[in-house]
There are 2 protein chains.
Amino acid sequence: MSRHTAGGTIASMDSSHTRREATRRKLFEAAVTLIAEQGFSSTTVDEIAERAGVAKGTVYYNFASKNVLFEELLRHGVEMLAASLQNAADEVAERGGSRVDALDGMIHAGLYFISQYPALTQLYVAELWRTNRTWNSTLMMVRERAVSVVADVIRDAVAGGELSEEIDIPLTASALFGMVLVAALDWQSFQPDRSLDDVHAALSRLLQGRVSGHQGTGGAGAEAGSGRS
Amino acid sequence: MSRHTAGGTIASMDSSHTRREATRRKLFEAAVTLIAEQGFSSTTVDEIAERAGVAKGTVYYNFASKNVLFEELLRHGVEMLAASLQNAADEVAERGGSRVDALDGMIHAGLYFISQYPALTQLYVAELWRTNRTWNSTLMMVRERAVSVVADVIRDAVAGGELSEEIDIPLTASALFGMVLVAALDWQSFQPDRSLDDVHAALSRLLQGRVSGHQGTGGAGAEAGSGRS
DNA sequence: CCTCTTGAACTGACCAGTCAGTGCAAAAAG
DNA sequence: CTTTTTGCACTGACTGGTCAGTTCAAGAGG
């Protein structure tokens with residue numbers, strides 16, 4: 001199947017450690033786009049192998065099953081995301097920024113990550129709130145890993161007096177996460193020409209409260225049960 | 001179920017119509033939970049039929065295909081959601097509330113809707129940003145239908161001077177939508193005991209800007225390209 | 001020579017969609 | 001009032017195709 005007449009060179013690229021690693025990476029890349037497009041169950045192993053440019057047998061030499069391939073993909077992806085977010089928060093801290101600044105930096109990093117790995121993001125969104133799947137525990141871990149990075153920074157900010165003690169940490173972390181996720185997916189899908197900083201500014205503005213900045217007649221207030229019938 | 005109680009005879013036409021309707025509703029209900037749990041392609045028509053308590057043939061008597069069943073389900077669901085959001089906004093307006101109050105009312109309505117139809121919500125999240133699927137145009141329409149209800153209210157608020165002209169309407173609508181969506185899914189999945197009003201209050205607080213309410217050292221500011229390298 | 005990859009053939013389970021037939025209630029005929 | 005017809009709604013066994021996973025002998029690379 002060597003359609004590149006190998007010329008003798010391309011194959012010997014930097015296989016960082018083994019040929020095996022390179023093959024596994026190729027399979028991850030092929031799988032992530034296909035599964036993002038079509039979903040897990042309608043993506044066939046033959047398709048993954050073909051897009052990765054390897055034989056089907058190779059898939060099963062490297063991964064025990066289609067399920068295992070997918071789970072390792074999920075784990076690998078979330079490690080990248082968590083590291084990226086953590087790194088953004090740390091950089092802001094090093095530079096002497098506040099915790100709230102760190103949150104803002106994480107939003108930026110989140111947007112950047114999603115713009116770099118749109119397929120991976122689509123895939124997470126599609127699978128993350130699913131129940132009853134075989135790889136449910138993996139998904140649980142993945143979600144926890146991502147959200148806790150955000151929640152930790154919020155917790156620190158509350159402890160340091162930067163944020164009100166009244167806020168609900170896990171829920172706020174989720175909401176923030178969702179806001180960035182959905183806004184970024186919409187950006188990528190429907191307004192891909194806009195710059196990252198532009199989108200980032202819009203989200204910062206929303207959070208900063210300039211959107212509902214005027215003190216409303218009470219509706220946007222925090223009091224519960226506002227006249228719902 | 002006799003829409004026209006005109007007497008004993010006209011009911012006949014009605015009942016024949018209603019039997020089918022009841023079956024279709026049962027199939028919708030069965031399909032929505034199964035697909036939310038397992039995804040579209042790993043949910044079999046046999047499963048749907050079994051859960052609905054009908055024979056497989058009945059599915060195909062009522063719907064041209066598995067795809068068509070799903071598309072009609074999506075359309076039916078989003079109509080319910082859009083109506084619910086619109087209704088919430090209208091009620092606030094009738095009561096003399098501001099547009100921002102209307103937005104808040106829509107957040108409440110969104111949370112309520114999701115708590116009532118969690119499976120439908122999971123399903124939308126899972127499918128909405130998928131590309132390359134056969135029912136892509138349906139999904140496009142569905143998304144547009146839901147987001148535009150929010151965007152319209154934001155637009156009115158901007159026109160009426162309640163919100164800054166600087167805000168990005170479609171992006172803000174998406175972000176708001178995503179915030180509610182993800183927060184609600186997390187609420188349902190991980191803290192189901194909390195009350196709706198509690199969750200609503202947390203989100204209102206986030207939007208109201210109390211979270212990042214202190215004026216940060218610039219990180220949360222709206223200026224673009226804030227020190228990101 | 002040991003690890004990894006190839007490619008094609010094969011198996012067995014699973015599944016979307018089909019179709020000939022059943023049940024039944026309301027209209028038509030007797 | 002009784003019998004027959006009509007056709008809607010539903011049934012479930014069956015078909016043809018698809019796909020995960022297996023096997024293996026023959027390389028390729030290092």
Side-chain angles (χ1 to χ4, degrees), chain A residues 1-28 30-31 34-35 38-73 133-135, chain B residues 1-2 4 6-28 30-31 34-35 38-73 133-135:
Chain A
M1 207 15 111
S2 57
R3 84 169 36 138
H4 311 254
T5 48
T9 47
I10 303 181
S12 61
M13 293 275 267
D14 61 289
S15 45
S16 57
H17 269 125
T18 36
R19 274 194 296 162
R20 216 172 158 175
E21 267 319 304
T23 304
R24 288 170 63 96
R25 238 194 325 275
K26 279 194 291 181
L27 283 170
F28 277 156
L34 284 168
I35 296 178
Q38 307 175 328
F40 176 79
S41 3
S42 36
T43 299
T44 69
V45 174
D46 291 273
E47 276 177 317
I48 296 172
E50 191 191 348
R51 167 130 4 155
V54 301
K56 188 180 185 177
T58 306
V59 176
Y60 284 94
Y61 184 78
N62 283 281
F63 299 95
S65 68
K66 187 188 172 187
N67 269 295
V68 168
L69 163 57
F70 186 54
E71 279 183 31
E72 292 195 18
L73 174 60
R133 278 283 242 242
T134 42
W135 52 77
Chain B
M1 296 301 168
S2 50
H4 315 107
T9 40
I10 305 185
S12 58
M13 221 175 69
D14 223 1
S15 70
S16 71
H17 206 48
T18 304
R19 176 136 95 108
R20 255 191 110 148
E21 248 352 276
T23 305
R24 287 170 64 96
R25 214 173 308 120
K26 278 194 292 181
L27 285 169
F28 277 155
L34 284 167
I35 296 178
Q38 307 175 326
F40 175 79
S41 4
S42 35
T43 299
T44 69
V45 174
D46 290 273
E47 277 177 314
I48 296 172
E50 192 191 348
R51 172 143 343 170
V54 301
K56 188 179 189 177
T58 305
V59 177
Y60 286 93
Y61 182 77
N62 283 282
F63 299 95
S65 67
K66 188 186 173 191
N67 268 295
V68 168
L69 164 58
F70 186 52
E71 280 183 31
E72 291 195 19
L73 176 60
R133 278 283 240 247
T134 42
W135 53 76

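Note on naming: letters A, B, ... go to the chains in the order of the sequence lines (proteins, then strands), and numbering restarts at 1 for each one.
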Peer 1: Can you name the side-chain hydrogen bond (donor to acceptor under 3.5 Å, both in side chains) partners of B:Ser42, sequence neighbours left out?
Peer 2: A:Ser41, A:Arg133
Peer 1: I want to verify a distance call: between C:dC4, D:dC10, C:dT6, whose nearest atom is closest to the A:Arg19 side chain?
Peer 2: C:dC4
Peer 1: Just the rounded figure in Å: distance from C1' of D:dC10 to CZ of B:Arg24.
Peer 2: 15 Å
Peer 1: Considering just the side-chain nitrogens and oxygens of B:Thr58, establish if one lies under 4.0 Å of OP1 or OP2 belonging to D:dA9.
Peer 2: no
Peer 1: Which whole-number value in Å describes the distance from B:Glu50 CD to D:dC10 C1'?
Peer 2: 17 Å
Peer 1: Has the side chain of B:Lys56 got a donor or acceptor atom sitting under 3.5 Å from an opposite partner on the base of C:dA16?
Peer 2: yes
Peer 1: From the list C:dC4, D:dA9, D:dC19, which nucleotide is the closest neighbour of the side chain of A:Thr44?
Peer 2: D:dC19
Peer 1: Show me the side-chain donor-acceptor pairs of residues 47-58 of chain A shorter than 3.5 Å, one per line, residues at least two apart or across chains.
Peer 2:
from: A:Glu47; atom 1: OE1; to: A:Thr44; atom 2: N; distance (Å): 3.0
from: A:Glu47; atom 1: OE2; to: A:Gln38; atom 2: NE2; distance (Å): 3.4
from: A:Arg51; atom 1: NH1; to: A:Thr33; atom 2: OG1; distance (Å): 3.2
from: A:Lys56; atom 1: NZ; to: A:Asp46; atom 2: OD2; distance (Å): 3.4
from: A:Thr58; atom 1: OG1; to: A:Ala55; atom 2: O; distance (Å): 3.4

Peer 1: Mind checking what makes side chain to side chain contact (heavy atoms under 4.5 Å, CB included) contact with B:Glu72, not counting sequence neighbours?
Peer 2: B:Arg24, B:Phe28, B:Phe63, B:Val68, B:Arg75
Peer 1: If I take atom CG from residue A:Leu27 and atom CG from residue A:Asn62, how far apart are they, to the nearest 0.5 angstrom?
Peer 2: 6.0 Å
Peer 1: CG of A:Asp46 versus P of C:dA8: gap in Å, rounded?
Peer 2: 12 Å
Peer 1: Rounded to the nearest 0.5 Å, what separation is found between the OH atom of A:Tyr61 and the CZ atom of A:Arg20?
Peer 2: 5.0 Å
Peer 1: Find the distance A:Lys26:NZ to C:dC4:P and express it as a whole number of Å.
Peer 2: 15 Å
Peer 1: Measure up the B:Trp135 and B:Phe40 rings against each other and bin them: parallel (under 30°), tilted (30 to 60°), perpendicular (over 60°).
Peer 2: perpendicular
Peer 1: Starting at atom CZ of A:Phe40, determine the distance to atom P of D:dC19, rounded to an integer number of angstrom.
Peer 2: 13 Å
Peer 1: Quick one: is A:Thr23 getting a side-chain N or O under 4.0 Å of the C:dT5 phosphate, OP1 or OP2?
Peer 2: yes
Peer 1: Given atom CD of B:Glu21 and atom C1' of D:dC10, what is their separation to the nearest angstrom?
Peer 2: 16 Å
Peer 1: Within the structure shown, what part of the strands sits under 4.0 Å from B:Thr43 by heavy-atom distance: base, sugar-phosphate, or nothing?
Peer 2: sugar-phosphate
Peer 1: Give, ordered by number, those residues of residues 60-71 of chain A having at least one heavy-atom distance below 4.0 Å to an atom of DNA chain D; if nothing qualifies, reply none.
Peer 2: A:Tyr60, A:Ser65, A:Lys66
Peer 1: May I have all residue pairs that pass salt bridge (Lys or Arg N to Asp or Glu O under 4.0 Å) and include part of residues 59-70 of chain B, sequence neighbours excluded?
Peer 2: none
